[in-house]
Amino acid sequence: VPERLLLVEKMRQLGVVVSNEAVADWITRVFQDPQTGKFSRDMYRGFVERALPSAGLTEADFQRFARNEVGIRHLYALSAVGGTLISPREAGQLFRLENEEVSAEIALFSLSNHLAQVQVTPEAIGAFFTNQEARYRVPEMVRVSYVRFPATNHLAEVDQLLGQRTNLTEQIDMIYRQRGPEAFKDKANVTMSEAQAKETIRTAMREQLSLSKAQAQAMSFAEQLFSQYENEPAQLDNLERLAAALGLTAAVTDPFPRSRPPVNLDFPPEFASTAFELSTNQPMSTEPLVGEEAVYVIALKGRYPSRPSTIEEARQKNLEADFRQFEARKLALEAARAFYDKLAAGLARNESFSAICAASSVPTIKPPPFARSTRSLPELAGRVDLGQLQSVALALQAGKASELKETRDGAMVVYVAGRKPVDESRLQAELAAFLEDIRSEQQQQAVNEWLNREMEMAQISGLPELGSRRRSQSR
């Protein structure tokens, strides 16, 4: 992993020396007996004598890993120091800011209230389509052929391999100790029993090994396909012909745009981006694509450039509904502007916000008091975005109305009836936990900023680029 290599090098540059005592302490904690909480020499010896050799590693390799792990954690601790510098006084000010409550009333101008007023004519639809032509443009598409290599085809073989491992129990025990009981939750987010967790680990090992077997099979197919393209570079059916010759099943996708890849199979996230990298010069993926349950080899079947759509095609993409929404929004904004003029005059005469809205038959919402720290308001029922409401209302003084604000559904005006400062008893009761959360967040932010800065200085851009390097080398 590039991050780990960078951190090990940074340890060397800074002269970080990890003592033997620190390494021994880390190993002692990793190999604690779950029952006694004490170091288990038997577990450690079983790991060293059976698990490490099976992976081609030695005890010295593991101790070197342990020494680097302790050093890396020391670097993280150093880089996080700035995150602990916030004072209780500053935290108190932030707590008050986050938790001061606002009582507000919202005047809503929803486009749905104006849909019935929209006049739909062929001329109006045609003009809207012409003005919004880019909105309905058919995007560039590709079509690919593929062979799917399911991991389930290898479960029997993997079960046999696992049954032959004399140290399987020790490996599972080691993983359980390293990750800890809290890492294993059931669907209800309840910590599993040790037996359940270990069965989960075994299942994951079984699935991963099966997927690795599928990947090896896919790689073998990809190498043969590469040779076939070298001999017949212009043939767009190379994948299908090779699959048929090997007794495999090939399939072809419908044309799809980059933003909407096929969803009927467990294609991995990079499926679309890989497909759009294919060309006549590089008609197949250079590496198999690994999904959660299967591995894929794909090849270019066709490429279709972007083009303007016809009005008939646009109708299939909800052209008329879009027109209605567009016109209804315009009507909602016109109604909102007319109301806003009346609101300004009414407030100047000391009329209440509620009375002005009622006189103009404008619907309102009165949510319960909320603060910056509020995460949800069911009373808004999706009609108003909570983040936008907080941004508008918390900037207003009590007794003031906002400017007209456009929303996803039309427009709104927010009136703040009152503001309630944080109760001092609540501040005292919750400040310690709040301060701890803030410091933890700032520590993590400091670590991330430091690591990103160091990686930029080292000109490391991450795994995706390294993966592309490997692919280019494999060519």
Side-chain angles (χ1 to χ4, degrees), residues 1 4 27 30-31 33-34 40 42-66 146-181 183-186 192-226 242-243 245-250 265-268 270 285-298 463 467 470-471 474:
V1 177
R4 189 174 183 88
I27 292 176
V30 169
F31 288 90
D33 187 309
S40 172
D42 290 341
M43 290 181 180
Y44 179 69
R45 294 317 308 173
F47 173 73
V48 169
E49 294 171 3
R50 291 187 290 273
L52 287 177
S54 69
L57 300 172
T58 66
E59 183 175 11
D61 293 326
F62 176 68
Q63 290 180 354
R64 184 165 50 252
F65 168 82
Y146 64 90
V147 174
R148 183 176 187 265
F149 297 88
T152 52
N153 290 352
H154 304 274
L155 287 175
E157 178 186 2
V158 167
D159 287 339
Q160 185 176 6
L161 290 173
L162 289 177
Q164 295 170 353
R165 285 192 182 181
T166 58
N167 63 338
L168 179 60
T169 300
E170 288 87 349
Q171 289 180 330
I172 293 174
D173 288 344
M174 177 62 182
I175 294 171
Y176 180 71
R177 288 195 304 276
Q178 283 184 327
R179 296 181 61 184
F184 300 94
K185 307 281 188 180
D186 61 18
M192 296 180 181
S193 67
E194 182 174 341
Q196 290 174 320
K198 290 182 176 180
E199 182 58 32
T200 298
I201 294 170
R202 190 187 187 285
T203 299
M205 293 175 67
R206 181 175 184 254
E207 292 174 349
Q208 185 57 50
L209 284 172
S210 299
L211 196 61
S212 296
K213 293 289 184 182
Q215 191 171 3
Q217 183 187 9
M219 180 60 78
S220 175
F221 177 82
E223 290 170 352
Q224 295 178 68
L225 182 60
F226 183 80
L242 177 60
L246 297 176
L248 299 171
T249 301
L265 291 171
D266 66 324
F267 290 126
E270 67 272 20
S285 58
T286 54
E287 286 187 358
L289 303 181
V290 183
E292 292 185 2
E293 299 177 355
V295 182
Y296 296 85
V297 175
I298 68 173
L463 288 172
R470 286 196 296 270
R471 287 193 292 272
S474 68

Evaluate the criterion side chain to side chain contact (heavy atoms under 4.5 Å, CB included) for residue pair F62 and I27; output intermediate values, then yes/no.
-> CA-CA 10 Å; F62 176 68; I27 292 176; 4.1 Å; yes
Side-chain heavy-atom pair [X], [Y] within 4.5 angstrom cut-off:
X	Y	value
Q63	T58	no
M174	F31	yes
F221	F149	yes
R148	L248	no
L52	F47	yes
I298	L289	yes
L246	Q224	yes
V147	T249	no

Start with the C-alpha distance between F65 and L57, add both sets of side-chain angles, then the distance that settles side chain to side chain contact (heavy atoms under 4.5 Å, CB included), and finish with yes or no.
-> CA-CA 11 Å; F65 168 82; L57 300 172; over 6 Å; no
Which pair of non-hydrogen atoms, one from [X] and one from [Y], has the smallest distance, and what is that distance?
X	Y	answer
D266	A294	OD2-N, 3.4 Å
A243	A250	CB-CB, 3.9 Å
A214	P150	CB-O, 4.0 Å
Q215	P288	O-CG, 4.5 Å
I172	R202	CD1-CB, 3.8 Å

Between Y146 and F267, how do the two ring planes meet: parallel, tilted or perpendicular, split at 30° and 60°?
-> perpendicular
Under 3.5 Å side-chain donor-acceptor pair for E49 and Y44 = no
Output, in order, the C-alpha distance, side-chain angles, deciding distance and verdict of side chain to side chain contact (heavy atoms under 4.5 Å, CB included) for L168 and M205.
-> CA-CA 10 Å; L168 179 60; M205 293 175 67; 3.6 Å; yes
Kindly compute the distance separating [atom1] ([X]) from [atom2] ([Y]), expressed to the nearest 0.5 Å.
X	Y	atom1	atom2	result
H154	D159	NE2	CG	13.0 Å
R206	L211	CZ	CG	13.0 Å
D42	D173	CG	CG	12.0 Å

For E292, does the CD atom have more than 12 heavy-atom neighbours from other residues, nucleotides or ligands under 6.0 Å away?
-> no
Can you name the one residue among L161, L155, N153 that meets side-chain contact (heavy atoms from CB on, under 4.5 Å) with K213?
-> L161
Is it true that E59 and R45 have a side-chain N and a carboxylate O under 4.0 angstrom from each other?
-> yes
Side chain D33, main chain S40, donor-acceptor under 3.5 Å | no
Exam field: side chain N167 to backbone R50, donor-acceptor pair closer than 3.5 Å | yes
Under the side chain to side chain contact (heavy atoms under 4.5 Å, CB included) rule, collect the residues that match up with Q196, sequence neighbours excluded.
-> M192, S193
